[in-house]
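In this text, all values refer to a predicted model and were calculated from it rather than measured experimentally. What's counted below: heavy atoms across the whole structure, side chains too, no hydrogens, waters or symmetry copies.
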Amino acid sequence: MIASRRQVLQSLLAAGVTPGARRVKLGLDNYSVRAMKWKAAELVDYAAKLRTDSLFITDLDAFDSLDDRPLTEVRKRAADKGVQLHLGTWSVCPTSSTFKKTWGTAEEHLTLAIRVAKALGSPVARVVLGNAQDRSSPGGIRARMADTLKVLKACRGRAVDAGVKIALENHAGDMQTRELAALIEEAGKDYVGANIDSGNALWTMEDPQTALEVLAPYVVTSSLRDGVVWETERGAVVQWTAMGEGMVDFRGFFARFVELCPGVPVHIETISGGRREFPYLEPAFWSTYPDHRGADFARFVALAKRGKPREPVKPVNDQEFQRGEIERSLRYCKETLGLGLRA
């Protein structure tokens with residue numbers, strides 16, 4: 001009898017091997033070492049030193065200049081060291097509590113991100129809507145999604161002309177993954193995709209595996225981390241950890257990632273110690289989740305039932321601590337999960 005594809009995957013997982021992992025680029029999100037306050041050139045050198053294949057620079061402040069010539073120099077530096085670049089920035093929702101006018105209006109901000117991405121040779125420009133506070137803002141998350149949609153559509157032509165995909169992230173508890181998928185569909189998959197964040201999926205009461213299955217058709221880049229979940233008298237608590245030190249089934253996650261998201265690099269974004277409580281046993285809590293799905297929530301509760309409380313982690317903004325978290329996480333990804341072309 002010829003083994004089915006799923007049987008082959010299961011046998012590889014049982015042996016501790018992530019199928020196809022060596023074909024997946026592995027890199028880091030610069031937010032992991034935000035305390036270092038490194039600029040782009042230093043980040044490229046650090047990524048090369050760690051023998052990563054990719055670097056996700058998710059903050060425009062990391063660049064000394066946003067003019068094309070210096071950006072081209074950063075692009076060349078990265079290419080010379082064998083490091084792929086992905087570019088990102090922050091909120092493009094003008095009514096989000098996280099939106100800042102540093103880069104002009106929301107449309108001007110997104111336009112700038114697209115131009116910088118093109119100059120760097122990045123296939124994506126990562127943006128976010130906001131954070132969990134936007135769920136309880138006037139009109140709720142649906143209103144913020146509608147405002148974000150207007151900005152995305154206004155910049156469609158610029159993104160298409162530049163050959164850059166706008167990568168919208170499930171960020172800091174703002175949108176659940178099905179809400180993000182619906183927003184991408186409404187905007188148009190031809191120019192908008194997803195930046196999948198496994199840690200942020202936990203912050204919207206979702207199993208990261210559920211998030212992957214939902215977002216896979218749209219994923220164009222990633223920012224991933226581990227975490228733990230445990231039950232409390234009010235609901236549950238989520239705390240982020242270094243890779244391999246939480247309870248996310250990353251062997252299973254990456255077996256599906258390889259299958260569903262071919263060519264997409266894995267970027268690790270450690271924010272260890274990030275912690276949030278979800279008092280879902282209190283009826284009032286659900287007023288900000290009008291579209292929640294029972295089946296998705298059940299998988300999250302199953303995680304919480306298996307988890308055990310952890311002590312708070314400090315210091316989360318210490319340079320040595322942050323470097324230790326990302327470097328330990330990358331070793332785990334290379335040595336245990338088998339990720340990375342240069343592992």
Qualifying salt bridge (charged side-chain N to carboxylate O under 4.0 Å, His left out) pairs, either residue in residues 87-107, two or more places apart: E107-R158
Residue pair F250 / T336, side-chain heavy-atom distance below 4.5 Å: no
Plane angle bin for H267 and F56 - parallel if under 30°, tilted between 30 and 60°, otherwise perpendicular: tilted
Donor-acceptor contact below 3.5 Å, side chain S32 vs main chain T270: yes
Ring centroid separation W240 to W203 under 6.0 Å: yes
Side chain to side chain contact (heavy atoms under 4.5 Å, CB included) partners for N131, two or more places apart: S97, T98, Q133, D134, A172
Min side-chain heavy-atom separation N170-Q176 under 4.5 Å: no
Any donor-acceptor N or O pair under 3.5 Å, side chains Y46, E327: yes
Heavy-atom side-chain contact between F321 and E325 under 4.5 Å: yes
Near-ring test H109/W90, centroid separation under 6.0 angstrom: no
Backbone of M243 reached by a side-chain donor or acceptor of S329 within 3.5 Å: yes
Donor-acceptor pair, side chain of S198 and main chain of D226, under 3.5 angstrom: no
Any residue meeting ring pair (Phe, Tyr, Trp, His ring centres under 6.0 Å) with F99, in chain and number order, not counting sequence neighbours: none
All side-chain hydrogen bond (donor to acceptor under 3.5 Å, both in side chains) counterparts of S136, not counting sequence neighbours: none
side-chain hydrogen bond (donor to acceptor under 3.5 Å, both in side chains) pairs, two or more places apart, involving residues 283-293: R142-D291
Pair R126-T221, side chain to side chain donor-acceptor pair (under 3.5 Å): steps then yes or no: CA-CA 8 Å; R126 189 289 304 261; T221 191; over 6 Å; no
Test side-chain hydrogen bond (donor to acceptor under 3.5 Å, both in side chains) applied to Q319 - qualifying residues, sequence neighbours left out: none
Student check: side-chain heavy atoms of R225 and P208 closer than 4.5 Å: no
Y280/F297 aromatic ring centres below 6.0 Å: yes
Charged N-O contact under 4.0 Å between E335 and R331: no
Minimum side-chain heavy-atom gap I268-D29 below 4.5 Å: no
Pairs meeting criterion salt bridge (charged side-chain N to carboxylate O under 4.0 Å, His left out) with involvement of residues 301-314, two or more places apart: E231-K305
Transitive ILVMFWY side-chain link V124 to I166, under 4.5 Å: no
Heavy-atom check, side chain of I114 versus side chain of C155, under 4.5 Å: yes
Salt bridge present between R144 and D174 (N-O < 4.0 angstrom): no
Residue list, side chain to side chain contact (heavy atoms under 4.5 Å, CB included) with E42, at least two apart or on another chain: W38, K39
For V214, the rest of its hydrophobic cluster, which grows through side-chain links under 4.5 angstrom: none
Pairing residues for V264 by the side chain to side chain contact (heavy atoms under 4.5 Å, CB included) criterion, not counting sequence neighbours: V219, F257, C261
Single-linkage hydrophobic cluster V83~M36, side-chain heavy atoms < 4.5 angstrom: yes
Of all pairs that satisfy salt bridge (charged side-chain N to carboxylate O under 4.0 Å, His left out), the ones with a partner from residues 273-282, not counting sequence neighbours: R234-E277, R234-E282
Any side-chain donor near an acceptor of the partner, Q84 and S54, under 3.5 Å: yes
For R77, all residues meeting side chain to side chain contact (heavy atoms under 4.5 Å, CB included), sequence neighbours excluded: A41, V44, D45, K81
